[in-house]
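Throughout, protein chains are lettered first and strands after them, A, B, ... in sequence-line order, and every chain is numbered starting at 1.
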Protein chains: 2
Amino acid sequence: MLAVPKRDRRAERRAATRREIVDAAWQVARDKGLAQVTLRDVADLVGMRPPSLYSHFAAKNAIYDAMFGDAWTQFLEAQKAAEADEPAASRAALRYYARVYFDFAVAFPARHELMSLHTIPDFTPSPDAYAPSVASMESFVARMAKHGAGRQEDVDIFVAIVGGMVDAQLANDPGGDRWARLLDRTIDMFADNIGITDERIRP
Amino acid sequence: MLAVPKRDRRAERRAATRREIVDAAWQVARDKGLAQVTLRDVADLVGMRPPSLYSHFAAKNAIYDAMFGDAWTQFLEAQKAAEADEPAASRAALRYYARVYFDFAVAFPARHELMSLHTIPDFTPSPDAYAPSVASMESFVARMAKHGAGRQEDVDIFVAIVGGMVDAQLANDPGGDRWARLLDRTIDMFADNIGITDERIRP
DNA sequence: GTCTATACACCGATAGAC
DNA sequence: GTCTATCGGTGTATAGAC
């Protein structure tokens with residue numbers, strides 16, 4: 001027997017307020033940096049006093065937790081949206097997966113810092129917030145497997161080198177393209193190692 | 001005309017106290033994390049009151065700055081010490097460079113965080129503290145050039161993928177060897193791409 | 001249920017006595 | 001050079017107004 005989908009206006013309002021708070025926290029993170037998010041700044045943006053945030057989140061880290069889940073959900077959607085233009089050829093597909101992740105990360109460094117670096121003291125994502133990250137990884141592994149790169153070792157190397165290119169770009173040439181230009185060639189290195197025989201970029 | 005090297009006992013004592021403070025800060029970073037270093041904890045370890053630290057460092061970030069220079073000086077020395085066992089064959093040499101950096105970074109995560117990630121808010125290394133990092137990079141580029149991998153693009157990719165392996169290891173398998181085991185194969189990918197023809201590890 | 005007012009402990013930093 | 005005292009700012013907890 002199915003539950004009747006009765007609307008709960010109170011719950012809707014609560015969820016909307018939580019959304020407002022998380023969005024405000026994103027804005028502060030974008031403007032001042034992830035670690036510079038303070039409850040006072042967030043409260044100012046949503047028109048509350050700082051302690052009022054505790055009616056919606058148990059602690060500051062609970063806001064980070066919601067942001068973490070939010071960020072991976074955003075990437076999951078970006079991943080799904082990117083399916084439409086996914087190339088059929090294996091080498092081109094690998095380049096495309098790397099580019100989708102790279103561009104997503106570089107577009108919003110504070111978000112990438114929260115998603116991938118473990119830089120916020122005493123913050124560990126909850127299982128709920130971690131779920132979209134796992135879903136994204138599972139979807140990614142399935143696609144890698146289609147191109148003969150689904151072994152854990154292959155995926156581990158791919159994830160590490162793409163992450164390394166992102167971090168090098170953000171740390172050493174923020175706003176530039178010094179490592180972005182080298183991404184295709186780096187993925188070709190990987191594709192050669194896996195044994196993919198499509199056309200490639202010469203060093 | 002050479003300056004007479006006259007000893008300055010006052011300056012020596014000052015330098016020794018600075019060393020004590022920096023070492024205490026390293027210990028706190030090792031025990032609690034880089035961002036968890038507080039002036040109170042450092043002062044406790046050296047037997048001072050927190051404000052007394054300001055007689056030796058202008059600000060907390062000045063301590064981080066000294067640690068940054070210290071860390072890269074340590075790596076510079078590790079690099080020099082590793083020269084003795086450097087393999088002659090190019091592929092083996094590249095693997096060796098990567099391993100020296102990887103092991104150094106993984107041995108002390110908080111130090112690596114300070115050296116490579118830019119995770120401390122409002123901290124930018126001073127030119128003085130940056131100098132040993134530049135010296136280390138110049139020495140590294142010269143060695144890469146000996147093996148035909150001295151172009152900026154080659155070095156950029158090498159640095160990014162080794163850094164990516166380190167970060168993946170520390171973030172996803174701290175204390176383990178899931179990415180450490182894949183480092184040689186990853187460097188082989190790079191060596192193949194450069195056109196080095198020594199023996200290699202098959203995927 | 002939601003928000004405010006108040007308070008607390010801790011942080012980096014400064015001023016001034018000794 | 002080191003101390004005490006103190007400042008403004010932070011995350012957090014709680015009592016109570018509405």
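- Salt bridge annotation for Arg91(B)-Asp192(B): present, with a cationic side-chain nitrogen under 4.0 angstrom from a carboxylate oxygen.
- Phosphate contact (OP1/OP2 of dT2(C), side-chain N/O of Ser52(A), threshold under 4.0 Å): absent.
- No contact: Val46(B) has no heavy atom under 4.0 Å from any strand.
- Using a cut-off of 4.0 Å between Lys/Arg side-chain N and Asp/Glu carboxylate O, Asp188(A) and Arg185(A) are scored as not salt-bridged.
- Rounded to an integer number of Å, the gap from Phe57(A) CZ to dC3(C) C1' is 16 Å.
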**OP:** Could you encode protein contacts along nucleotides 13-18 of chain D as a string, one character per nucleotide from 5' to 3', using B for base contact, S for sugar-phosphate-only contact and - for no contact, with a heavy-atom cut-off of under 4.0 Å?
**Re:** BB----
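- A salt bridge is defined here as a Lys NZ or Arg NE, NH1 or NH2 lying under 4.0 Å from an Asp or Glu carboxylate O, and Glu138(A) with Arg143(A) fails to meet this definition.
- How far OG1 of Thr186(A) is from CE of Met165(A): 3.5 Å, rounded to the nearest 0.5 Å.
- Closest approach to the Arg49(A) side chain among dT12(D), dT2(D), dA5(C) is made by dA5(C) (side chain taken as heavy atoms from C-beta onward).
- Ranking dG1(D), dT2(C), dT10(D) by closeness to the Arg14(A) side chain, first place goes to dT2(C).
- One finds no side-chain N or O of Arg40(B) lying less than 4.0 angstrom from the OP1 or OP2 phosphate oxygen of dC10(C).
- Applying the side-chain hydrogen bond (donor to acceptor under 3.5 Å, both in side chains) test to every pair with at least one member in residues 46-64 of chain B, sequence neighbours left out, gives no pairs at all.
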Which atom pairs, one a donor and one an acceptor, fall under 3.5 Å between side chains of residues 68-76 of chain A and the rest of the protein, sequence neighbours left out?
residue	atom	partner	partner atom	Å
Asp70(A)	OD2	Arg19(A)	NH2	3.1
Asp70(A)	OD2	Trp26(A)	NE1	2.8
Asp70(A)	OD2	Gln74(A)	NE2	3.4
Thr73(A)	OG1	Gly69(A)	O	2.7
Gln74(A)	OE1	Arg111(A)	NH1	2.7

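- We find that CE of Met48(A) is positioned 8 Å from P of dT4(C), with the value rounded to whole Å.
- For the OP1/OP2 pair of dC3(C) and a distance below 4.0 Å, the side-chain nitrogens and oxygens of His56(A) include at least one atom meeting the criterion.
- Across the interface with DNA chain C, nearest-nucleotide mapping of Lys60(B) and Thr17(A) shows Thr17(A) to be the residue nearer the 5′ end.
- In this structure, the NZ atom of Lys32(B) is 12 Å from the C1' atom of dC10(C), given to the nearest Å.
- Looking at heavy atoms from C-beta onward, Met137(B) lies in side-chain contact with Val141(B) at the 4.5 angstrom threshold.
- Regarding Glu12(A), its CD atom lies at a distance of 14 Å from the P atom of dT2(C), rounded to whole Å.
- The CG atom of Asp44(A) sits 12 Å away from the P atom of dG11(D) (whole-angstrom rounding).
- Across the protein-nucleic acid pair, Leu53(B) atom CG and dT4(D) atom P stand 14 Å apart, rounded to whole Å.
- When rounded to the nearest whole Å, the span between CD of Glu20(B) and C1' of dG1(D) equals 14 Å.
- Residue contacts for Thr38(A): at a heavy-atom cut-off of 4.0 Å it reaches the sugar-phosphate backbone alone, with no base atom in range.
- When heavy atoms are screened at a 4.0 angstrom cut-off, Val37(A) is found touching the sugar-phosphate backbone but no base atom.
- Across the protein-nucleic acid pair, Asp41(B) atom CG and dA9(C) atom C1' stand 14 Å apart, rounded to whole Å.
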